[in-house]
Amino acid sequence: MFIGHFGLGLGAKKAAPTVSLGTLFMAVQFLDLLWPICLLLNVEHVAIHPELGGNRTFEFTSYPITHSLLMAIVWGIVFGGVYFLVKRNVRNSILLGLAVLSHWVLDLVVHFHDLPLYPGNSPLVGLGVWANPLLTNIIEGAMLVVGIILYLRTAHPRKVVFWVLIALLLLVQVSNMFGPAPSSVEAVGWAGQAQWLFVALAYWADRKVAPAAR
Ligand SMILES: [Zn+2]
């Protein structure tokens, strides 16, 4: 899943108007921000199958640090904890922790049986909606649209930056589906770093919500 996560991040603005969209994006996509780093450090592994294409290009052979349920909970606590230390807001900290965990739950819906419950010899889970690319895109597209509507009801972003950001997210979604498979695991790791651009653009697009809108 890709834009679905960002859709949830946009929609979360309604629940946490004082949290920047950049922080919300970092939370919902935190596991996928860590994953390319773990690939480059060679502590997690992926097999690339260019011949299968689309949702089956990647076989997630090992990613317990970023994508096990237990570690998703741990990362949620870490993320919410750091936010609390900086901002001292319990409610927003809990919401951000849950946003981190939401990534695993949403991945559970689409992934094939590759998500561990805990590091080690864990059973692997996944409901496999990816087997139906049309359904996957309908779900993710709907999440993005609902997220944009909820976000725009709460925030008044820098419009050009905001829509460039949305266009870039859609472009990545389309190229993930139809574009050529990456040439190596290293290429996946480096390409994944581009996601920080979405976080940066989200910080830029977002403006402080006026007190009246809270
Ligand atoms: Zn993921």
Side-chain angles (χ1 to χ4, degrees), residues 1-6 8-9 22-23 25-72 74-76 78-79 82 99-122 124-126 128-131 133 136-137 140 164-204:
M1 172 164 301
F2 183 71
I3 51 167
H5 294 298
F6 289 96
L8 193 93
T23 308
F25 272 12
M26 222 196 291
V28 293
Q29 198 62 350
F30 196 59
L31 307 184
D32 275 6
L33 286 165
L34 295 180
W35 179 65
I37 298 170
C38 287
L39 288 181
L40 290 173
L41 293 174
N42 209 23
V43 291
E44 294 198 334
H45 308 281
V46 67
I48 305 169
H49 302 289
E51 73 285 1
L52 298 178
N55 292 330
R56 295 182 189 271
T57 304
F58 294 123
E59 184 191 346
F60 302 97
T61 47
S62 172
Y63 56 174
I65 303 167
T66 60
H67 278 76
S68 66
L69 173 59
L70 181 67
M71 287 306 292
V74 170
W75 290 122
V78 169
F79 197 100
V82 169
V100 172
L101 183 59
S102 80
H103 184 101
W104 192 90
V105 177
L106 291 177
D107 273 2
L108 173 71
V109 175
V110 294
H111 276 229
F112 301 113
H113 296 267
D114 57 34
L115 290 161
L117 299 177
Y118 44 86
N121 199 6
S122 161
L124 301 174
V125 293
V129 170
W130 268 348
T136 308
N137 279 293
E140 291 201 58
V164 165
L165 170 61
I166 299 297
L168 284 174
L169 288 172
L170 288 169
L171 194 71
V172 171
Q173 176 85 358
V174 171
S175 81
N176 283 348
M177 270 186 308
F178 302 109
S183 54
S184 67
V185 173
E186 216 184 1
V188 178
W190 286 114
Q193 304 308 322
Q195 295 187 90
W196 292 103
L197 173 73
F198 302 132
V199 173
L201 282 175
Y203 274 115
W204 186 15

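Every value quoted in this text rests on a predicted model; they were computed, and no experiment measured them. All residue numbers in this chain count up from 1 along the given sequence.
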Can you tell if the side chain of Ile166 reaches within under 4.5 Å of the side chain of Leu170, non-hydrogen atoms only? yes
Side-chain heavy-atom pair Leu70, Pro119 within 4.5 angstrom cut-off: yes
Parallel, tilted or perpendicular for Trp35 and Phe58, by the 30°/60° rule? perpendicular
Working to the nearest 0.5 angstrom, can you tell me the gap between Leu34 CG and Leu39 CG? 11.0 Å
Side chain to side chain contact (heavy atoms under 4.5 Å, CB included) between His49 and Glu59, worked out: CA-CA 7 Å; His49 302 289; Glu59 184 191 346; 2.7 Å; yes
Where do Tyr203 and Thr23 land on the side chain to side chain contact (heavy atoms under 4.5 Å, CB included) test, with the steps shown first? CA-CA 7 Å; Tyr203 274 115; Thr23 308; 2.8 Å; yes
Which heavy atom of Ser102 sits nearest a heavy atom of Leu8, and at what distance? OG-CD2, 3.1 Å
Return yes if some donor-acceptor pair links the side-chain N/O of Gln173 with the main-chain N/O of Ile3 below 3.5 Å, else return no. yes
With heavy-atom distances below 4.5 Å as the criterion, would you say the side chains of Trp104 and Leu117 are in contact? yes
Crowding at CH2, Trp204 (>12 non-hydrogen neighbours, <6.0 Å): no
Least distance between heavy atoms, Met1 atom then Asp32 atom: O-OD2, 4.2 Å
Taking all non-hydrogen atoms of both residues, which atom of His45 and which atom of Thr61 are closest, and how far apart? O-OG1, 3.1 Å
Can you find a heavy atom in the side chain of Asn137 that is under 4.5 Å from one in the side chain of Met177? yes
If the condition is ring pair (Phe, Tyr, Trp, His ring centres under 6.0 Å), which residues does Phe6 pass it with, not counting sequence neighbours? Phe2, Phe25, Phe198
Does Gln193 have any side chain to side chain donor-acceptor pair (under 3.5 Å) partners at least two apart in sequence or in another chain, and if so, which? Trp196
Donor-acceptor pair, Ser68 side chain versus Pro116 backbone, under 3.5 Å? no
Aromatic ring pairing His67/Tyr63, orientation class (parallel under 30°, perpendicular over 60°, tilted between): parallel
Check Pro133 against Asn55 and note the closest heavy-atom contact, atom names and distance. CA-ND2, 4.0 Å
What are the two closest heavy atoms between Val188 and Pro36, and how far apart are they? O-CB, 4.4 Å
Where Leu33 and Gln195 come nearest, the two heavy atoms and their spacing: CD2-CB, 3.7 Å
Is it true that a side-chain atom of Glu44 and a backbone atom of Ile65 form a donor plus acceptor pair closer than 3.5 Å? yes
Tell me if a side-chain donor or acceptor on Asp114 pairs with a main-chain N or O of Phe60 at a distance below 3.5 Å. no
With a 4.5 Å cut-off on side-chain heavy atoms, are Val185 and Ile48 touching? yes
Could you tell me whether a side-chain N or O of Thr57 sits under 3.5 Å from a main-chain N or O of Gly54, the two making a donor and an acceptor? yes
